[in-house]
Visitor: 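The following block contains the structure, expressed as structure tokens.
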Amino acid sequence: MAKISILSGKGGTGKTFVATNLVRVLPNVTYIDCDIEEPNGRIFLNPIITDINDVYTKVPLIDDNRCERCGICSKACRFGALINLGREILILDHLCHSCEACYEMCPMNAITMANRKIGEISIGVSRGIDFIEGRLNPGKPSGVPVIKQINILIKSIDIAIVDSPPGTSCSVVNTIEDSDLCILVTEPTPFGLHDLKLAVELVKEMDIPMAVIINKSGSDNQIIYNYCMKNDIKVLMEIPYDKKIAELYSRGTLIAEVDLTYEKMFVDLAEKILELIENEAAGNSEW
């Protein structure tokens, strides 16, 4: 099994562009969209969905016949999801993180934990590419339970290309966990470098091998190369600032499918990635 996670310091940097074109040129891979708050990989892959599984977490339910409104449960909740109004305990579902502290602390055994649907996982296939997508319902406080269920599915997959959420949140941490390689997509600007540094620190902290792709490359690439050289990080590919890419992307078309030059770029990228993972597994790491 090989898990390759594509991430970036912020949204809109190009990680979905890289992930979807990469799966198009790699054989026997599974594309996994863990950008659960805004998954859009299916726009480019057009999968046929064969299965949808709901994802649930637990929320407290209070038995008014047992509850004495002592307020111990609301004091135990560090997320402010329970409020003691005196005549009742008000539960704010959207703030609940399912930690069950209220359930554990209630002296009257008045609280039970009930299932609450927070999202779903879609499974399908797109022209020979297996497809998995996590989706978090709007307004839910955390998508980590969705990602944890996806991680269980990944364990039985040969090669997983994982489209991570943007940033460095808990969702990102859970998405890239146990990755064999993280590919960080960045842009050659001071803002891009700032976000890249945050992502690099996270991946370093998790002790995962990493490499960089420069998107919208241009005359300012040296700002990224200097940083990567200083931190011993490989730059695997430069994607030029090309109007054709933007036009095809806006129409939901994979450029690796319609342009031989870009197809070769992503084939070369796929070969580099597989070589790096093989070297790492053989103990010949060059990170």
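Bear in mind the structure is a predicted one, so any value in this text is a computation, not a measurement.
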Visitor: Go through the steps to decide whether Asp33 and Arg42 satisfy the test salt bridge (charged side-chain N to carboxylate O under 4.0 Å, His left out), and finish with yes or no.
Guide: CA-CA 8 Å; Asp33 200 340; Arg42 70 162 67 196; over 6 Å; no

Visitor: Would you check if the side chain of Asn151 reaches a backbone N or O of Asn174 as a donor-acceptor pair within less than 3.5 Å?
Guide: yes

Visitor: May I ask you to check whether over 12 heavy atoms, not counting those of Glu37, lie within 6.0 Å of atom CD?
Guide: no

Visitor: Can you confirm whether more than 12 heavy atoms, excluding those of Met113, are under 6.0 Å from its CE atom?
Guide: yes

Visitor: Side chains of Thr186 and Ile213: does their closest heavy-atom pair fall under 4.5 Å?
Guide: no

Visitor: Rounded to the nearest 0.5 Å, how far does OG1 of Thr189 lie from CD1 of Ile223?
Guide: 7.0 Å

Visitor: Quick check: is Ile49 connected to Val146 through a chain of hydrophobic side chains (ILVMFWY, heavy atoms under 4.5 Å apart)?
Guide: no

Visitor: How far apart are the C-alpha atoms of Tyr249 and Phe44, what are their side-chain angles, what is the distance that settles it, and do they pass the ring pair (Phe, Tyr, Trp, His ring centres under 6.0 Å) test?
Guide: CA-CA 8 Å; Tyr249 196 80; Phe44 306 97; 4.5 Å; yes

Visitor: Listing request: all salt bridge (charged side-chain N to carboxylate O under 4.0 Å, His left out) pairs with a residue in residues 92-101, at least two apart in sequence or in separate chains.
Guide: none

Visitor: Just checking Asn28: does its CG atom have more than 12 heavy atoms from other residues, nucleotides or ligands closer to it than 6.0 angstrom?
Guide: no

Visitor: Looking just at side-chain N and O atoms, do Asn137 and Lys117 make a donor-acceptor pair shorter than 3.5 Å?
Guide: no

Visitor: Where do Ile62 and Cys67 come nearest, in terms of heavy atoms and distance?
Guide: CG2-CB, 3.7 Å

Visitor: Is there a donor-acceptor contact under 3.5 Å linking the side chains of Ser126 and Asn46?
Guide: no

Visitor: Linking I/L/V/M/F/W/Y whenever their side-chain heavy atoms sit closer than 4.5 Å, directly or via other members, would Val144 and Ile147 fall into one cluster?
Guide: no

Visitor: Is it the case that Asp163 and Tyr31 place a side-chain donor and acceptor less than 3.5 Å from each other?
Guide: yes

Visitor: Following the transitive rule for hydrophobic clusters with a side-chain heavy-atom cut-off under 4.5 Å over Ile, Leu, Val, Met, Phe, Trp and Tyr, establish whether Ile43 and Ile255 coincide in one cluster.
Guide: yes

Visitor: Okay, side chain of Arg127, backbone of Leu45: is any donor-acceptor separation there less than 3.5 Å?
Guide: yes

Visitor: Which atom pair, heavy atoms only, marks the closest approach of Met265 to Pro240?
Guide: CE-CD, 4.2 Å

Visitor: Any side-chain heavy atom of Phe131 within less than 4.5 Å of one from Ile129?
Guide: no

Visitor: Under the side-chain contact (heavy atoms from CB on, under 4.5 Å) test against Ile208, which residue among Met210, Lys204, Met206 passes?
Guide: Met206

Visitor: Measure the spacing between CD1 of Ile277 and CD1 of Ile4 and express it to the nearest 0.5 Å.
Guide: 3.5 Å

Visitor: Do you know the tightest heavy-atom contact between Ala256 and Asn21?
Guide: N-OD1, 2.9 Å

Visitor: Show the nearest heavy-atom pair for residues Val172 and Ser164, with the distance to one decimal.
Guide: CG1-OG, 3.8 Å

Visitor: Do any N or O atoms from the side chain of Ser179 and from the backbone of Cys182 form a donor-acceptor pair under 3.5 angstrom?
Guide: no

Visitor: With no hydrogens and no angle check, is any side-chain donor or acceptor of Asn231 less than 3.5 Å from a backbone partner on Ile233?
Guide: no

Visitor: Starting at CD of Glu133, measure out to CD1 of Ile52 and round the result to the nearest 0.5 Å.
Guide: 9.0 Å

Visitor: I'd like to check Cys106 versus Ile72 (side-chain heavy atoms, cut-off strictly below 4.5 Å). Are they in contact?
Guide: no

Visitor: Could you state the interatomic distance from CE (Met105) to CG (Leu82), rounded to the nearest 0.5 Å?
Guide: 12.5 Å

Visitor: Please enumerate all residues that pass side chain to side chain contact (heavy atoms under 4.5 Å, CB included) together with Ala160, with sequence neighbours excluded.
Guide: Ile32, Ile154, Ile157, Val162

Visitor: I want to check something: taking the side chain as every heavy atom from C-beta on, are Ser171 and Cys34 in contact at a cut-off of under 4.5 Å?
Guide: no

Visitor: Cluster question for you: counting only ILVMFWY and a side-chain heavy-atom cut-off of under 4.5 Å, with indirect links fine, are Met1 and Leu22 together?
Guide: no

Visitor: Begin with the C-alpha distance, continue with both residues' side-chain angles, and end with the deciding distance and a verdict on side-chain contact (heavy atoms from CB on, under 4.5 Å) for Leu274 and Leu26.
Guide: CA-CA 10 Å; Leu274 295 178; Leu26 271 169; 3.8 Å; yes

Visitor: Grab the two heavy atoms, one from Val25 and one from Ala270, that are nearest each other, plus how far apart they are.
Guide: CG2-CB, 4.2 Å

Visitor: Which heavy atom of Glu68 sits nearest to which heavy atom of Met108, and what is that distance?
Guide: OE2-CE, 3.6 Å

Visitor: Keeping Ser217 on the side-chain end and Ile214 on the backbone end, is there a donor-acceptor pair under 3.5 Å?
Guide: no

Visitor: Would you please say whether a donor-acceptor pair under 3.5 Å links the side chains of Glu257 and Tyr262?
Guide: no

Visitor: Among side-chain atoms of Asn221 and Glu238, is any donor-acceptor pair under 3.5 angstrom?
Guide: yes

Visitor: Anything under 30° is parallel, anything over 60° is perpendicular, the rest tilted; go ahead and classify His97 against Phe79.
Guide: parallel

Visitor: With a 4.5 Å limit on heavy-atom distance, are the side chains of Ile118 and Leu136 in contact?
Guide: yes

Visitor: Under a 4.0 Å threshold between the charged nitrogen and the carboxylate oxygen, would Arg69 count as salt-bridged to Glu88?
Guide: no

Visitor: State whether Lys3 and Asp178 are salt-bridged, where the test is any N-O pair (Lys NZ or Arg NE/NH1/NH2 against Asp/Glu carboxylate O) under 4.0 Å.
Guide: no

Visitor: Would you kindly confirm whether Ile91 and Val59 end up in one hydrophobic cluster when ILVMFWY residues are joined by side chain heavy atoms under 4.5 Å apart?
Guide: no

Visitor: For Ile123, does its backbone N or O pair with a side-chain atom of Thr50 as donor and acceptor, under 3.5 Å?
Guide: yes

Visitor: Do Tyr241 and Asn215 have side-chain atoms, one donor and one acceptor, less than 3.5 Å apart?
Guide: no

Visitor: Around Ile48, counting heavy atoms of other residues, nucleotides and ligands shown, do more than 12 lie under 6.0 Å from its CD1?
Guide: no

Visitor: Can a salt bridge be assigned to the pair Asp268 and Lys264 using a cut-off of 4.0 Å between side-chain N and carboxylate O?
Guide: yes

Visitor: For a 4.5 angstrom cut-off between non-hydrogen side-chain atoms, does Ile183 reach Ser5?
Guide: no

Visitor: Apply side-chain contact (heavy atoms from CB on, under 4.5 Å) to the pair Ile89 and Asp64, showing each step before the final yes or no.
Guide: CA-CA 9 Å; Ile89 302 295; Asp64 287 335; over 6 Å; no

Visitor: Is the shortest heavy-atom distance from the side chain of Asn109 to the side chain of Arg66 under 4.5 Å?
Guide: yes

Visitor: With rounding to the nearest 0.5 Å, note down the distance linking CD1 in Ile36 to OG1 in Thr175.
Guide: 7.0 Å

Visitor: For Val200 and Leu184: C-alpha separation, side-chain torsions, deciding distance, then whether side-chain contact (heavy atoms from CB on, under 4.5 Å) applies.
Guide: CA-CA 8 Å; Val200 166; Leu184 282 57; 3.5 Å; yes

Visitor: Does Lys10 use its side chain to pair, donor to acceptor, with the backbone of Gly167 at less than 3.5 Å?
Guide: no

Visitor: Would you mind reporting whether Val258 and Leu248 have side-chain heavy atoms less than 4.5 Å apart?
Guide: yes

Visitor: Is there a donor-acceptor pair closer than 3.5 Å between any side-chain N or O of Ser74 and the backbone N or O of Ile83?
Guide: no

Visitor: In terms of side-chain geometry, is the basic nitrogen of Glu38 or Arg135 positioned less than 4.0 Å from the acidic oxygen of its partner?
Guide: no

Visitor: Please check if the number of heavy atoms outside Tyr227 that lie under 6.0 Å from its OH is greater than 12.
Guide: yes

Visitor: With a 4.0 Å cut-off on N to O distance, would you call Asp35 and Lys15 a salt bridge?
Guide: yes

